[in-house]
Novice: 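Take this structure first; my questions come after.
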Protein chains: 2
Amino acid sequence: MTERPAPGLRERKKARTRKLIQSEALRLFREQGFAATTMEQVAAAAEVATSTVFRYFPTKEDLVLMDHLPAFVDALTSAPAELGPVQAVRLALRATVAGQDPAERAEGLERERMMLTVPELWASSLDNVTGVVATMRGILAARAGREPDDPDVRNITGAVLGVLLAVWFDAVRRPEVDLATEADRALSQLEGLRLE
Amino acid sequence: MTERPAPGLRERKKARTRKLIQSEALRLFREQGFAATTMEQVAAAAEVATSTVFRYFPTKEDLVLMDHLPAFVDALTSAPAELGPVQAVRLALRATVAGQDPAERAEGLERERMMLTVPELWASSLDNVTGVVATMRGILAARAGREPDDPDVRNITGAVLGVLLAVWFDAVRRPEVDLATEADRALSQLEGLRLE
DNA sequence: ATGATTATGAGAGTAGACTCCGATTTGCTA
DNA sequence: TAGCAAATCGGAGTCTACTCTCATAATCAT
């Protein structure tokens, strides 16, 4: 949010160390699995003290977790009011993906693969998930002039996130599947669902 | 499956101990939370040795986990072939709920509440969930003469499970919501989705 | 250059899930 | 009732995420 671009040497070094630790961790997780990798190993691979790893990442899970959702939320909020819920989500998705740096996309996919695959990570993203659900309900409800806990809103949100998750699982497991177009196509099947 | 009803005193005692441990554990989890409860406390509450608790339940999570899905799977498999996927699921759901002992339902809901709420449990049910998804895809695909990894099958399954999960989350949090009727109503909104 | 601030290193320490094992009790069988 | 097998007990031991502390080194401001 308030990312000060003020680059003291100190800050730059910190950012570099942080990235180093994280990328070494991801490599180890990929190679030997999440549970089988200890924090000592991560520290050793990044050539820092174990306590330093914990200073940057309070929990092991934090080495993987992320938040690329805000962009999507923004896009959904600012979608034209005349669109139905499903259309709005499609538009927001397209906008989000388009605004992504393809370089970081690969690492993103790797992390997502782990999140959807490794139980511990699946667990610690629970809060994230319920948060996204709540947010999305709020937005879709507002767009249709309904309450956030309206059953119809809940159901549509559930259906939309259900298909998205299904596609996501597939895409993460098979590199030939393009998440964006596949998700768009999947959502198009739900266009019959309306509100209001 | 091969539940021998042969009741030696030994077996009866074992079953009783098992239930004792589990119900004491659930009580403690409800009262102080899952993470905040230690296995020692569970053992103490059930008045057995800690090692005995581990003999019955290899992991802490096993004290909560369960499998009431087989009934649903059976019902779905044997639904009339002329029904669409969503209708078939509705029917199977109704059948499953109808065949449940209302006495155990309460405890079931309690466990489900934890599973959907406590991260550690949410994690260890990952396998269960993916298993259910795969099974359901298989059945729906077979009913429509498609492949299990057909995109349409994946999408419909995703949507159906999405709404079900949404309703479930609600029902588990608010006792006044009746899971069965609410789920049926929610699914009725998806009837537009067809295959074949 | 110097003193203040901050990051890092190194290591000891804690907690709690889970394992192992020898001794004891308990139910089963003849 | 004697002997056998299974279950339990009690406790020592392991493993690893995570915490704390303090000394040292790097950066910053003046």
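Reminder, nothing fancy here: chain letters follow the sequence lines and each chain counts from 1.
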Novice: With heavy atoms under 4.0 Å as the rule, sort B:Glu47 into base, sugar-phosphate or nothing.
Specialist: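 B:Glu47: backbone/sugar contact only, no base atoms under 4.0 Å.
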Novice: Base, sugar-phosphate, or nothing: which does A:Ser51 touch, judged by heavy atoms less than 4.0 Å apart?
Specialist: base
Novice: Can you check whether A:Gly8's main-chain N or O pairs, donor with acceptor, with A:Lys13's side chain at less than 3.5 Å?
Specialist: no
Novice: Check whether any side-chain nitrogen or oxygen of B:Thr38 sits under 4.0 Å from OP1 or OP2 of C:dG16, and answer yes or no.
Specialist: no
Novice: Salt-bridged, A:Arg105 to A:Asp101, with N to O below 4.0 Å?
Specialist: no
Novice: Would you mind reading off the distance between B:Leu20 atom CG and D:dA7 atom P, rounded to a whole angstrom?
Specialist: 17 Å
Novice: Write down the distance between CZ (B:Arg12) and C1' (C:dG27), rounded to a whole number of angstrom.
Specialist: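 For the pair B:Arg12 CZ and C:dG27 C1', the rounded distance is 11 Å.
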Novice: Whole angstrom is fine here: how far is it from CZ in A:Arg18 over to C1' in C:dT8?
Specialist: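 Distance, rounded to whole Å: 16 Å.
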Novice: Crowded around A:Glu47 CD? As in, over 12 foreign heavy atoms under 6.0 Å?
Specialist: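 It does not: A:Glu47 CD has 12 such atoms or fewer within range.
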Novice: Nearest to the side chain of A:Thr17, heavy atoms from C-beta on, is which of D:dA17, D:dT27, C:dT8?
Specialist: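 It is C:dT8.
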Novice: Can you measure A:Met39 atom CE to C:dA10 atom C1' for me and round it to whole angstrom units?
Specialist: 17 Å
Novice: Any side-chain heavy-atom pair from A:Glu24 and A:Phe29 closer than 4.5 angstrom?
Specialist: no
Novice: Under 4.0 Å between a side-chain N or O of B:Lys60 and OP1 or OP2 of C:dG16?
Specialist: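 No, outside the criterion.
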Novice: Heavy atoms from C-beta onward define the side chain here; which of D:dA17, D:dG10, D:dA7 lies closest to that of B:Tyr56?
Specialist: D:dA7
Novice: Classify the angle between the aromatic ring planes of A:Phe169 and A:Trp122 as parallel (below 30°), tilted (30 to 60°) or perpendicular (above 60°).
Specialist: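 Rings of A:Phe169 and A:Trp122: perpendicular, over 60°.
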Novice: State whether a side-chain donor-acceptor pair under 3.5 Å links A:Thr59 with A:Asp62.
Specialist: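 There is such a pair (donor and acceptor under 3.5 Å, judged by atom type) between the side chains of A:Thr59 and A:Asp62.
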Novice: With heavy atoms under 4.0 Å as the rule, sort B:Phe57 into base, sugar-phosphate or nothing.
Specialist: nothing
Novice: For the side chain of A:Thr117 and the backbone of A:Met114, is there at least one donor-acceptor N/O pair under 3.5 Å apart?
Specialist: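 The answer is no, because no donor-acceptor pair under 3.5 Å joins these two groups.
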Novice: Between C1' on D:dT27 and CD on A:Glu11, what's the gap in Å once rounded to a whole number?
Specialist: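 About 11 Å, once rounded to whole Å.
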Novice: On a plain distance test, is the side chain of B:Arg10 in donor-acceptor contact with the base of D:dA5 below 3.5 Å?
Specialist: yes
Novice: Could you please name the option among D:dA17, C:dT8, C:dT19 that lies closest to any side-chain atom of A:Phe54?
Specialist: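 Comparing D:dA17, C:dT8, C:dT19 against the side chain of A:Phe54, the answer is D:dA17.
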Novice: Starting at atom CD of A:Gln32, determine the distance to atom P of D:dT16, rounded to an integer number of angstrom.
Specialist: 12 Å
Novice: With a 4.0 Å cut-off on heavy atoms, is B:Glu120 in touch with a base, just the backbone sugar-phosphate, or nothing at all?
Specialist: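 Touches nothing.
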Novice: In terms of hydrophobic clustering (I, L, V, M, F, W, Y; side-chain heavy atoms under 4.5 Å; direct or indirect links), are A:Tyr56 and A:Leu63 co-clustered?
Specialist: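 Yes, A:Tyr56 connects to A:Leu63 through the hydrophobic network.
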Novice: So if I take every side-chain heavy atom of B:Lys13 and compare against D:dA26, D:dC9, C:dG27, which nucleotide ends up nearest?
Specialist: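 Shortest atom-to-atom distance from the side chain points to C:dG27.
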Novice: For the helix from C:dA1-D:dT30 to C:dA30-D:dT1, what is the angle between the axes at its two ends, each from 5 pairs, rounded to 10°?
Specialist: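 End-to-end axis angle for the helix from C:dA1-D:dT30 to C:dA30-D:dT1: 20°, rounded to 10°.
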Novice: Please work out if B:Thr50 contacts a base, only the sugar-phosphate, or nothing of the nucleic acid, heavy-atom cut-off 4.0 Å.
Specialist: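 Nothing: the residue B:Thr50, judged by heavy atoms under 4.0 Å, touches no strand.
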Novice: Give the rounded distance in Å between these two atoms: NZ of B:Lys14 and P of D:dA5.
Specialist: 16 Å
Novice: Between C:dA17 atom P and B:Gln41 atom CD, what is the distance in whole Å?
Specialist: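 Rounded to whole Å, this separation is 9 Å.
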